[in-house]
Amino acid sequence: MKNLFIRDIKAGIKAGGAIGTSLLFFISVIILSPFALGTDKTLLAQAGPGLLWFFALLAVLLGLDRLFQTDKEDGSLDIILAAGDFSSLTVMVLVKSAAHWVSTVLPLIAAAPVLSLLLNPAWRQAAALTASLVLGTPAITFIGALGAALTAALPRGGVLLAVLVLPLIIPVIIFGTAASVALAAGTALQPLYFLLALTLFFGLVGPAAAALALKFTAE
Amino acid sequence: MAEIPQYVRIEIEGLQAQRGGKILFSQLSFSLQSGQIAVINGANGTGKSTLLRLIAGLYPPLSGTIDLSMATAQKTAPALENKNISLPRQGFSHYLSDKNAMKPQLSVRDNLRFWCRFFTDKRLGAGEEKKVLLRALDKVKMAAYADLPFAALSTGQKRRIGLSRLLTGARPLWLLDEPGSGLDQAGAALFSQICREHLAAGGLVIAATHTPLGLPADISLNLADYRPQTPEGQFYDPLQAG
């Protein structure tokens, strides 16, 4: 399984696609947002965490439809499916999601504090936002893996994937933004715990559901 | 490499399959044992690929059974009766579809290394792994291309690498879907040789192909013979089938 992890990360980096595109998209929309919202400092400071969370979500979803599609297209998904039962497929999805998170989402998170400072020059907020992204974005990847499994057989499944998974992601966005604000203000940490709970919950449910979906789409 | 059990047998009984609401074949039965090759013929759309995918375990048949068994000690038939050990479907076969299952952006070596590790339960040592990969590449005369990205190869070269994947881990049964597509004459000859060696080592081959493999087939099936004869018989109604 470490083997699959390494292959996916290597393929992700060499493709030049996913990482670069998601990161560039993330950076450019954040830089663009003051042009739309105006230069009111308090407004930007208030909107900062929400904007960053929302754009991070979009950037993560951007390349996620390819998670299983490339494997399906080149034929390796068939071999992986034939070789495993339900539990090993669940682990396979978990590993692929982890590889996607490391290769695509981690660069976004690394860029997030700098981008946060662009909107609101406060280190405390930047750190809080980054922490909330680290804890919350895995949930998005896991939910997205389910969508990617359902749409693996479809050409241009990206939009359908977004429509399918966005309702499930609502709680992640709510608690992600809330956790970031709460951390920065130093108030109660409940939103952060909820965010962590969501990541753990979808870390279990997402891969299992995706494994089932892949089994069905093999036909 | 030579971890194939001494005597392996696959028994297919009364198999029926559908695709898109149409019965492709029914009452398909045959059995195959170590050292034997079955060639599946049939016009386009008769279900050759579906049959291979069924055997690979990618989806269940409408009806019928696929049994795998092995006997480790004796090769003689009477002893086999007592020593039949049922085998799980996973880890039994190599499935080669029309696609080569390689990542275009990775090098040939990285691709094969991935599959070698995927097919081998116990991690090989670095030297041993290198030997397996080199041997697999050598068998298809592609050792000189190991460091090129897979995407840079020609169609026939890609197929050769796709075929060399079968040699990165031992599996008794090879399920081959048009293995010779895109291969030149030299490539086809190399592949015949690879199959011959696999059979000699106690392996089994089920190949769906239009082009001759260069090997005498032990069993030759034409799927058109198993097609429902009446037009009504061809329709599969999932509601009626329950």
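All values derive from a computational prediction rather than experimental measurement. By convention in this document, chain letters (A, B, ...) are assigned in the order of the sequence lines, proteins followed by strands, and residues within each chain are numbered from 1.
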CD1 on A/I79 to CH2 on B/W115, rounded to 0.5 Å: 4.0 Å
Taking every heavy-atom pair that is under 4.5 Å apart, which of A/T70, A/D74, A/I6 has the most such pairs with chain B? A/D74
For A/L77, is it the side chain, the backbone, both or neither that has a heavy atom under 4.5 Å from a heavy atom of chain B? neither
May I ask you to decide whether B/D110 forms a salt bridge with A/R7, counting only side-chain N to carboxylate O separations under 4.0 Å? no
Is the number of heavy atoms from other residues, nucleotides or ligands within 6.0 Å of CZ (A/F86) greater than 12? yes
Has A/F55 got more than 12 heavy atoms of other residues, nucleotides or ligands less than 6.0 Å from its CZ? yes
Answer key: most heavy-atom pairs under 4.5 Å with chain B among A/D85, A/L81, A/D78 is A/D78
Between A/S88 and chain B, which part of the residue has a heavy atom less than 4.5 Å away: side chain, backbone, both or neither? neither
Name the option with the most non-hydrogen atom pairs under 4.5 Å to chain A; the candidates are B/R165, B/R117, B/M102, B/K103. B/K103
Checking heavy atoms, do the side chain of B/F119, its backbone, both or neither come under 4.5 Å from chain A? side chain
Other residues, nucleotides, ligands: >12 heavy atoms within 6.0 Å of A/F54 CZ: no
Any idea which heavy atoms bring B/K99 and A/E73 closest together, and the distance? CD-O, 3.1 Å
Exercise: identify the closest heavy-atom pair between A/A82 and B/L58: N-CD2, 3.9 Å
Shortest non-hydrogen pair, B/F114 vs A/N3, comes out as O-ND2, 2.9 Å
If you count the non-hydrogen atoms of other residues, nucleotides and ligands that lie under 6.0 Å from CZ in A/F194, is the total more than 12? no
